[in-house]
Amino acid sequence: REHEKNNVQAKTHGRPSQSPKSKPKVKPPQHNRQQQPRRRKHKQQSYGNIPDVHWRAIPMSHLRLHPNFIPLPHPDTITPPPLPLPEESKTSPFRNNYNLIQTLEDVRYFRQDSWQWDALHRGRCTTSQAAPALGLLEPHAATELGIPKSLQKSCMGAFFRLGHEDSLRTLEDVREVLCTGEGNGCEDEFDYNSYGYDDCYDENTSGDGLKVTAAPANKAQNNNPVWEKKRYRGNFPFAAKYKLAMTQEHIEQKRKDAKRFMEGISPSNPMRIRMNWGNTQEATAILTALNYFSKLDPELKLREVGMCGAGLDLNITATSGHVDASGLLVGASPDAVIEFSNGTQEVLEVKNHCPYVPTKWMRLPRSLKQEKLKMGQYCIRELPIQASVPPAYIPQLMMEMMCVGENCRSAIMVRQTATGGAIILRMHRDDDWIDEAMHWLHKFMVDYVNTELPPPPNFFWNFEDNDESRQSSKRYRKFVQWTKDLSEQVDVVERVPHSLIQRVLGEQGVQLPLFLDDIKSLS
């Protein structure tokens, strides 16, 4: 008996075993809770013929109403200042008066969806033309950088853009051409019906099904028709609650518009679908950055900007008639500027990875592929996001930091997918790389644009039979390798799961489908 007793104590680590007559534990009583309606789940369709490029996208006009977002004014409200110019014209470009064009740098107050912003691109090397003008998308350099053939392209677009003669180079030109508004009566108006959303302010759950505090009885007390910034019960993941939901009527209208849009697109060339996805999902990806960084800094603000850098000394020299001036004009338009409460700034650039690919591109056995093609011309493919900045985007981020100003020492890139979450990366500014890039952009202007001689393939990379050309080619190849190294020298800030990306929901929390082929199941 003593031996059996010792064995029992050994199994219970020296503690006496529980008596079989001991009373079982009683569970605490459950409080009666009001049962919340469950969200209606919708199984995502993997194949279809009508992709929804606006899938759950929060419009830019709604993001401008976010309490942590500082929007730009309506373009028609921007006017030249009264003469003589006030002394405050020499203050920071991010001053409080955005309606006066006092300096060249003030053109950043024109929104990126305005015709004025488009006009500023004439004759200017912006971020979309920087990589082609640097020769990074030519076959030899692109292969060295690992840029896929689908992104390689000729520099002729940059060649014709930089040779445009009607560029806006002076403050007088900017005021005369761009400032056409009267400065009054042109405010943004918000209309629920135009976006097809219902006001779901009285819902007891957020868009992600989290319980929220009761809304005020009088909705007029809240002047913001889209966002509600208040304290929530539990660990609410977003800076503000999105109060709108998509109606069934709007889903049906979207299907008609998407079907009409797809009629002019061949499944063999889905580039228009990718471009539309990137444009329509931009505000949603910006909101991902806002929600993440506002947790770290509740006083943080995201500021909308247009084209920055027009007031750089580089551009002023180009317009002064200096004997060494190549005539190069530069500019960059970040998706936003992050302003932290301690005064630091970071440019924000977002990239949305389109989930739609043609079904016939999938590597499947022929019989299986034919079966999948019957299910739809397009399918969903989500690849893991690499923790790096693609080399083709290095000139874009560096130029954005340069054009925002000397105080901007880093850039944030958000790479976001449809269903696989997002990754937030940080790249630090490299002034030496920027100086080297400006050298090659000036050379592009002098050697080709100003002489009106179209560049040959692999310009800068190839060399002629002389020492000067060989040295130039050697220097350029080092620049290409430098660019490749920078693409891997980034900090991973955060990997954001799909559940923490704030998007539009349907009525009663219905999950919206990626394809609009069959929407009757949602009603």
Side-chain angles (χ1 to χ4, degrees), residues 39-57 137 139 142-143 146-153 196 246 248-282 284-285 350-386 390 392 415-423 497-499 501 503-506 510-523:
R39 284 192 305 172
R40 296 165 56 189
K41 294 184 179 180
H42 179 86
K43 187 177 180 180
Q44 286 292 356
Q45 208 175 333
S46 299
Y47 294 84
N49 295 309
I50 311 177
D52 183 9
V53 296
H54 294 267
W55 180 72
R56 300 184 63 190
L137 303 185
T143 301
I147 298 175
K149 290 185 177 181
S150 60
L151 296 180
Q152 298 179 20
K153 64 178 182 180
M246 188 170 293
Q248 181 67 24
E249 291 77 11
H250 182 61
I251 296 174
E252 294 173 357
Q253 183 60 46
K254 277 211 309 177
R255 185 183 187 279
K256 295 178 182 179
D257 296 338
K259 189 175 181 180
R260 192 181 308 113
F261 171 72
M262 293 302 299
E263 289 176 353
I265 297 179
S266 171
S268 62
N269 186 16
M271 189 56 66
R272 283 183 61 191
I273 297 177
R274 293 182 181 180
M275 293 179 63
N276 276 269
W277 176 271
N279 292 334
T280 58
Q281 300 291 332
E282 181 176 300
T284 307
V350 300
K351 302 296 179 184
N352 287 284
H353 297 257
C354 181
Y356 305 110
V357 295
T359 304
K360 65 179 183 180
W361 286 10
M362 301 299 291
R363 296 181 178 178
L364 298 172
R366 186 171 183 178
S367 58
L368 182 58
K369 181 177 292 187
Q370 292 300 323
E371 180 182 344
K372 297 297 185 182
L373 283 170
K374 294 178 182 178
M375 300 172 62
Q377 294 289 331
Y378 298 90
C379 65
I380 301 299
R381 184 181 68 177
E382 295 273 59
L383 300 176
I385 311 175
Q386 300 297 323
R415 303 181 65 181
Q416 185 159 294
T417 65
T419 62
I423 186 170
H498 174 64
S499 60
I501 295 178
R503 288 187 168 102
V504 176
L505 285 173
V510 171
Q511 295 285 353
L512 303 174
L514 281 160
F515 288 101
L516 298 173
D517 298 58
D518 180 19
I519 59 175
K520 294 181 180 179
S521 59
L522 301 176
S523 59

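Count residues from 1 along the sequence. If you're wondering where the values come from, they're calculated on a predicted model, not measured in any experiment.
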Can you list the residues that meet the side-chain contact (heavy atoms from CB on, under 4.5 Å) rule with [X], with sequence neighbours excluded?
X      : result
Gln370 : Leu373
Pro148 : Ser150, Leu151
Gln253 : Lys256, Asp257
Asn279 : none

By side-chain hydrogen bond (donor to acceptor under 3.5 Å, both in side chains) - contacts of [X] (at least two apart):
X      : result
Ser266 : Ser268
Arg415 : His353
Glu382 : Thr419
Gln281 : none

Is any side-chain heavy atom of [Y] closer than 4.5 Å to one of [X]?
X      : Y      : result
Ile251 : Met246 : yes
Asp52  : Pro513 : no
Val357 : Cys379 : yes
Gln386 : Ile423 : no

Show the nearest heavy-atom pair for residues Leu137 and Ala392, with the distance to one decimal. CD2-CB, 4.3 Å
Minimum-distance pair of heavy atoms, taken over all atoms of Ile273 and Cys354: CG2-SG, 4.1 Å
Gap between atom OG1 of Thr417 and atom NE2 of His498 - 0.5 Å precision: 8.0 Å
For the CD1 atom of Ile50 and the CG atom of Asp518, what is their distance to the nearest 0.5 Å? 10.0 Å
List the residues meeting ring-ring contact (aromatic ring centres under 6.0 Å, His included) with Tyr356, not counting sequence neighbours, and say none if there are none. Trp277, Phe515
Can a donor-acceptor pair be found, under 3.5 Å and without considering hydrogens, that links the side chain of [X] to the backbone of [Y]?
X      : Y      : value
Arg255 : Leu516 : yes
Gln152 : Ile147 : yes
Arg381 : Pro355 : no

If a pair satisfies salt bridge (Lys or Arg N to Asp or Glu O under 4.0 Å) and one of its residues is in residues 350-375, list it, with sequence neighbours excluded. Glu349-Lys351
Residues, nucleotides or ligands: over 12 heavy atoms within 6.0 Å of Met362 CE: yes
Can you tell me which residue pairs pass the ring pair (Phe, Tyr, Trp, His ring centres under 6.0 Å) test with a partner in residues 361-383, sequence neighbours excluded? none
